[in-house]
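Quick notes on the structure that follows.
Letters A, B, ... are given to chains in the order of the sequence lines, protein chains preceding strands, and every chain is numbered from 1.
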Amino acid sequence: AQSVTQPDIHITVSEGASLELRCNYSYGATPYLFWYVQSPGQGLQLLLKYFSGDTLVQGIKGFEAEFKRSQSSFNLRKPSVHWSDAAEYFCAVSGGGNKLTFGTGTQLKVEL
Amino acid sequence: NAGVTQTPKFRVLKTGQSMTLLCAQDMNHEYMYWYRQDPGMGLRLIHYSVGEGTTAKGEVPDGYNVSRLKKQNFLLGLESAAPSQTSVYFCASNRVDYEQYFGPGTRLTVT
């Protein structure tokens, strides 16, 4: 069965600092990987996705993620965090785009 | 393009009452999904549909029923609501093997 682990429940960073959110997955074949962001009281917005090809993927809002098959990881990064990035971030895996399995989320707080 | 819409946005039910949540998408997507979101648990798949007239169980289907009579609509029903079904419910849709698009959510409280 597929699964996703986001080891950090809460992360606090200062505005302008770099960010890395961790995601480890378990999947028997080549996974489709996603990062979604959820602002308070809102739905989920796709930040980026990995289906195949280049293992470093660029997303919206200046985010990027790197797929590392050997480590079963898909960590999300941003070089300089803005106060508006404060939100909850979810990593997800599937065998296509379908039947997503989500991690439990990482709550990001940005200190001004 | 409205994308994925959900009705209602908020609802309070008493234990034992029934209700139906409506999800609509205008992107002609084949696949549709219902998830529930609970604190510290991420989103969990309740039921999904791979096309009009089809439904299938997800990870947490007990206590819920679904129907997909039209391609653009996916209904989630609670026949006899329980406090354990207090949650935020999200609908999503996608084309096969593409990313899912999510609705804004329905916050349900069962007292």
Next on the checklist: Report which part of B:Gln37 has an atom under 4.5 Å of a heavy atom belonging to chain A: side chain, backbone, both, or neither.
Outcome noted: side chain
Checklist entry - Contact part of B:Leu43 toward chain A, heavy-atom cut-off under 4.5 Å: side chain, backbone, both or neither? => result both
Checklist outcome for this item: Per ring pair (Phe, Tyr, Trp, His ring centres under 6.0 Å), A:Phe34 is matched among A:Phe51, A:Tyr50, A:Tyr89, A:Phe67 by A:Phe51
Item to check | For the student: nearest non-hydrogen atoms of A:Glu20 and A:Asn75, plus distance | outcome: OE2-ND2, 3.3 Å
Checklist entry - Would you call A:Leu19 and A:Phe63 a side-chain contact if the rule is heavy atoms closer than 4.5 Å? => result yes
Checklist outcome for this item: Highest number of heavy-atom pairs under 4.5 Å with chain B among A:Glu88, A:Gln6, A:Gln38 belongs to A:Gln38
Item to check | Any side-chain donor near an acceptor of the partner, A:Asn24 and A:Thr5, under 3.5 Å | outcome: no
Item to check | Contacting region of A:Leu44 [heavy-atom separation from chain B under 4.5 Å] | outcome: both
